[in-house]
Amino acid sequence: MTDDAVTARARGRAERVADHPALDVLARVGLAAYGLVHLLIAVLAVRIAVGAGGQADKADKTGALQAVAATGAGRVLLWLVVGGLAALVVDRLLHAAVGHRGLPRAARVRRTAVDLAEAVVYALLAKTAADVAADGGADPSTPPLPSLLLALPGGPWLLGAAGLGVMTVAGYAAYRGLSGAFHRDLDLRGAGLRRSLLVLRLGRIGWTALGTVYLLSGGLLVVAAVQHDPAQPVGLDAALQGLAEHTVGPAVLLVLAAGLVVFAVYTVFHARHRAA
């Protein structure tokens, strides 16, 4: 069998897996789960803005997942979230491998890079959800990733690169919202004009808010890398906590939280109208 035949056979298998109804259902569950996590982050952010959050409340993905895992039913839900996010990882990897054919080379490379970046995001969140579910919602015993990176040789450079990576992905998320590029992910045929317009408006607001929130988080990673301070709080929670300390911070925090709620609602429609 020639190399071309082997490649064609492998591509055919990948396409069959990508088109399997079970993967599609799980990917839709994963999209809804992704929205649920950000809805919970929005709730925690509101608590910070109004001064109701305790010291243990972390307005980040870990804090949101720990809130879900507080009950036995929540742990079951978390494992469902893990399964859905894992399906999204597989879906994005398969899309990167066999999708975008027929596009110009530059567009194909760009779309493939986006698919791979999304796969990494979903994989990291799936791992976090699995760790929280396995620990029953307890605080993780290992130090946060930024502290681990700073402790490595060349740690500040690694952390700075990670921060720039987060800012790049966040900037693209904001671009998707502002430009409406997210509509490629949707199949709104049969949705009707009113629902289609609603979904597109939700997507514009939600993606823009999501990108803005994570731009703040990535910026803090870069600052921590420049200052070489392993003790400096970094990440999404630190960004939102720091924002709340400014005069207009609570108001801005409430606006961003509202944007995350909009994004969570959008993901429900995205799950329903997900493009094949």
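Just so it is clear, the values below take in all heavy atoms, side chains as well, and ignore hydrogens, waters and symmetry mates.
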**Stepwise side chain to side chain contact (heavy atoms under 4.5 Å, CB included) test for L256 and L216** = CA-CA 11 Å; L256 291 177; L216 294 173; 4.1 Å; yes
Which heavy atom of [X] sits nearest to which heavy atom of [Y], and what is that distance?
X	Y	value
A170	L215	CB-N, 3.5 Å
A225	P156	CB-O, 3.2 Å
A45	A257	CB-CB, 4.2 Å
V199	F182	O-CE1, 4.3 Å
A27	A87	N-CB, 3.8 Å
G160	V222	O-CG2, 4.1 Å

Between [X] and [Y], is there a shared hydrophobic cluster once you connect ILVMFWY residues whose side-chain heavy atoms come closer than 4.5 Å?
X	Y	result
L93	L85	yes
V252	V262	yes
Y172	Y122	no
Y266	V268	no
L260	Y175	no

Quick check for you: to the nearest 0.5 Å, what is the distance between [X] atom [atom1] and [Y] atom [atom2]?
X	Y	atom1	atom2	result
D187	R272	CG	CZ	9.5 Å
K127	L124	NZ	CG	8.5 Å
T267	W207	OG1	CH2	9.5 Å
L221	L158	CG	CG	12.5 Å

Contact between [X] and [Y] at the side-chain level, heavy atoms closer than 4.5 Å - yes or no?
X	Y	result
L186	F269	no
Y34	L39	no
V82	W79	yes

**Asked** Are R195 and H273 close enough, and set up right, to give a side chain to side chain contact (heavy atoms under 4.5 Å, CB included), and what steps lead you there?
**Response** CA-CA 11 Å; R195 173 176 286 196; H273 299 287; 3.3 Å; yes
**Prompt:** Knowing that exactly one of T112, D115, L116 qualifies, which makes a side-chain contact (heavy atoms from CB on, under 4.5 Å) with H95?
**Reply:** D115
**Item:** Residue pair V121, L125: steps toward the side chain to side chain contact (heavy atoms under 4.5 Å, CB included) verdict
**Value:** CA-CA 6 Å; V121 170; L125 183 54; 5.7 Å; no
**Item:** Any donor-acceptor pair under 3.5 Å from R92 side chain to A119 backbone
**Value:** no
Is it true that [X] and [Y] make a salt bridge, defined as a side-chain N closer than 4.0 Å to a carboxylate O?
X	Y	result
E118	R176	yes
D24	R28	yes
R274	D91	yes

**Message:** Go through it in stages, so that I can follow the logic: the residues are R204 and L178, the test is side chain to side chain contact (heavy atoms under 4.5 Å, CB included), and I'd like the CA-CA distance, side-chain angles, deciding distance and then a yes or no.
**Reply:** CA-CA 6 Å; R204 285 185 179 276; L178 294 171; 5.8 Å; no
